[in-house]
Amino acid sequence: MVFKTIIEPFRIKSVERIRMTTEAERNQYLHDAHYNPFLLKSNQVVIDLLTDSGTSAMSSEQWAGIMRGDESYAGASSWQRMESAIQDLTGYPYILPTHQGRAAEHLLYTKIGGVGKVFISNTHFDTTRANIEYSGATAIDCPCPEGKYPEISHPFKGNIDTTTLLSLIEKYGAGNIAAVILTVTNNSGGGQPVSMANARDVHTICKKHTILFILDSCRIAENAYFIKHREAGFEGKTYREIAQEMYSLADGCVFSAKKDAFANMGGFLALNNLDLAVQCRTVLIITEGYSTYGGLSGRDMEAIAIGLEEIFDADYLHYRIKSTQYLADKLHKMGVPIMMPSGGHAVYIDAKAFYPQIPPHEYPGQALVCGLYKVGGIRCCEIGSVMFGKYDANGKLIPAAMELVRLAIPRRVYTQSHIDYVAETFEGLIETKEQVHGLRIVHEPPFLRHFTAHFEPVTLSSGVA
Ligand code: F0G
């Protein structure tokens, strides 16, 4: 018999209580958090879909590994296990452990970045862009045309636009391009996958122009699932083989182990080039820790080594992608405008289409984020003009290309009934959607403003509620 029901391919051994709250309580909490869910306390949240990063449930094998963690300062056995797990997977010889992905980004992008340098990516993630811009360099997003339209269905909407990439290389000069970064899956572009064909094209272009090709690969196992099921020629390959092939096309990678390694903390930079690795390692030792632990405990390194094996389990990946799709399909059937097709780790709502009455400078995505919290206690994250908006010389907002809201699904954490509850919350939101107003920012820092900005609700008639 072929089953229609895809079950969670794990049993639950240890549970965490969810504190239930009322809508009235949540209204108060949201007000106190300045309408920014990043400022909420976790016990004020019913279902936490803020991120899939560091929020995975670890397996009993990982917990067992944690007890084995070797906390020696230098040359710990846990480091050796982590290092060889990464070398086996990526094929890169030089591995630099870091406390999380952005530390790996910082090591590499401050080394190769700086004023006058340009980075080109399918879409830079927010910390990637911030690290690059902080170094004085410029970060240019170059997603494929299909990737810019949430409603268009395409198997590889995460691809980089190679035509634009070539014209940018010509415009800035290959010598000024610090790196081309392919983010797999493309998190800020809707969690959409990148095809092997696209990675091969980037490889060829970078080789021809002698430009460094870096994979931001923290969801490479999820990306491999899409390649196996959507790209001709990969049906017979394992997910791991597909990931290995993609790594073989690049010169190195940054990796946040908080995603596709089921770890609560960790990351690494892996490189082919010894010279570059030596330069980055010097900064690693100054800022993160000695080269055989970076910012990590031995127990973290054990969890990462084991997680990197588990993530390629075919039953897990099937459940993972199908369960994300389950939520996407439900919302789609209800008429909620979502990024099509659904991504690997998250469902992205097109907030511009959900709240057409709210202009970009009143942040429709943030309004939806607040609505989901008020009605269902669901915490999620805006990926639109709050995260990526910039101001022109007159202080006018230059909006982001899309106004998305991301429902990120932590790995192995929530069951189907939690997801059904999320969908039901949308039923409540749909009923009142015409009456919803936007928000305005009343306080913001210069970098990564979405984490700490304060908002106030706006009413159409009077300005501020
Ligand atoms: N690159 C991508 C594509 C990411 O999604 C993230 C983190 C990072 C780099 C940085 O890794 O958090 O370990 O420092 N993404 C999280 C998210 C925060 O919610 O999507 P980190």
Side-chain angles (χ1 to χ4, degrees), residues 37-38 42 45 48-56 96-110 119 121-134 139 141 143 147 158 160 179-194 214-223 246 250 252-270 284 287-288 294-296 300 303-304 307-308 324 339 343-348 365 369 379-384 386-388 404-411 413 447-448 450-452:
F38 277 104
S42 65
V45 175
D48 207 343
L49 306 184
L50 187 65
T51 180
D52 65 318
S53 179
T55 53
S56 299
L96 284 71
T98 60
H99 79 277
Q100 61 182 94
R102 69 198 67 183
E105 293 175 339
H106 184 70
L107 293 178
L108 182 62
Y109 301 151
T110 47
F119 290 76
S121 174
N122 45 350
T123 312
H124 296 84
F125 182 65
D126 60 358
T127 59
T128 318
R129 174 173 287 279
N131 267 303
I132 290 168
E133 292 178 351
Y134 197 70
D141 289 340
I160 195 166
V180 176
I181 305 167
L182 210 45
T183 311
V184 297
T185 55
N186 189 11
N187 185 11
S188 307
Q192 298 292 317
V194 174
I214 295 295
L215 280 177
D216 181 345
S217 62
C218 53
R219 297 182 183 88
I220 196 161
E222 292 172 1
N223 199 81
M246 193 169 262
C253 72
V254 288
F255 191 97
S256 165
K258 299 169 77 174
K259 284 86 169 171
D260 273 1
F262 296 120
N264 298 132
M265 193 48 74
F268 57 85
L269 168 64
L284 171 79
T287 59
E288 283 282 292
L296 296 170
D300 295 326
I304 292 167
L308 284 175
T324 305
M339 179 74 140
H345 66 297
V347 176
Y348 293 69
V369 160
R379 174 156 72 167
C380 55
C381 161
E382 194 258 18
I383 301 200
V386 174
M387 191 181 270
F388 290 119
L404 301 177
V405 165
R406 185 185 72 171
L407 307 175
I409 320 285
R411 292 169 184 75
V413 170
F447 277 95
L448 297 170
H450 53 287
F451 288 130
T452 52

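In each ligand, atom 1 is the first atom listed, and ligand 1 is the first ligand listed. Numbers for residues simply follow the sequence, beginning at 1. Source: prediction; values computed, not measured.
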Nearest-0.5 Å distance, CG of residue Leu215 to CZ of residue Phe255 = 11.0 Å
Considering only heavy atoms, which of Glu105, His106, Met265 lies nearest to atom 9 (C) of ligand 1?
-> Glu105
What protein heavy atom sits nearest atom 8 (C) of ligand 1, and how far off is it?
-> Phe125 CD2, 3.5 Å
Are the side chain of Glu382 and the backbone of Gly384 linked by a donor-acceptor contact shorter than 3.5 Å?
-> yes
Closest to atom 13 (O) of ligand 1 among Ala257, Ser256, Ala263 (heavy-atom distance) = Ser256
May I ask you to identify the nearest protein heavy atom to atom 10 (C) of ligand 1, giving residue, atom name and distance to one decimal place in Å?
-> Thr127 OG1, 3.4 Å
Roughly how far, to the nearest 0.5 Å, is CG of Asn122 from CD of Gln192?
-> 11.0 Å
Would you kindly say whether His345 and Asp260 are connected by a side-chain donor-acceptor distance under 3.5 Å?
-> no
Would you say Asp52 has any N or O atom under 3.5 Å from an N or O of ligand 1, going by distance alone?
-> no
Answer side chain, backbone, both or neither: which part of Lys258 comes under 4.0 Å from ligand 1, heavy atoms only.
-> side chain
Testing Pro193, Ser217, Cys218 for side chain to side chain contact (heavy atoms under 4.5 Å, CB included) with Asn223, which one passes?
-> Pro193
Taking only non-hydrogen atoms of Cys218 and a 4.0 Å limit, the atoms of ligand 1 in range are 2 (C), 3 (C), 4 (C)
Tell me which protein heavy atom sits closest to atom 12 (O) of ligand 1, plus the residue, atom name and distance to 0.1 Å.
-> Arg102 NH2, 2.9 Å
Would you indicate which of His99, Arg406, Gln100, Lys259 comes nearest to atom 11 (O) of ligand 1 when only heavy atoms are counted?
-> Lys259
What protein heavy atom is closest to atom 1 (N) of ligand 1, reported as residue, atom name and distance in Å?
-> Asp216 OD2, 2.7 Å
Can Lys259 and Asp52 be counted as an ion pair, charged N to O under 4.0 angstrom?
-> no
Protein heavy-atom partner closest to atom 5 (O) of ligand 1 - residue, atom, separation in Å = Asn187 ND2, 2.7 Å
Ligand-side contact atoms (ligand 1) for residue partner Thr51, heavy atom cut-off under 4.0 Å = 16 (C), 17 (C), 19 (O)
Within-shell test, His345 vs ligand 1, heavy atom, strictly < 4.0 Å | no
Hey, which atoms in ligand 1 end up nearer than 4.0 Å to a heavy atom of Thr183?
-> 3 (C)
Atom CG in Leu269, atom CD1 in Ile214: separation rounded to 0.5 Å?
-> 7.0 Å
Angle class for the His450/Phe38 ring planes (parallel below 30°, perpendicular above 60°, tilted otherwise)?
-> perpendicular
Looking at OG of Ser53 and CG of Asn187, how far apart are the two atoms once the value is rounded to the nearest 0.5 Å?
-> 9.0 Å
4.5 Å side-chain heavy-atom contact, Leu107 and Thr287 = yes
Has ligand 1 got any nitrogen or oxygen that is less than 3.5 angstrom from a nitrogen or oxygen of Gly101?
-> yes
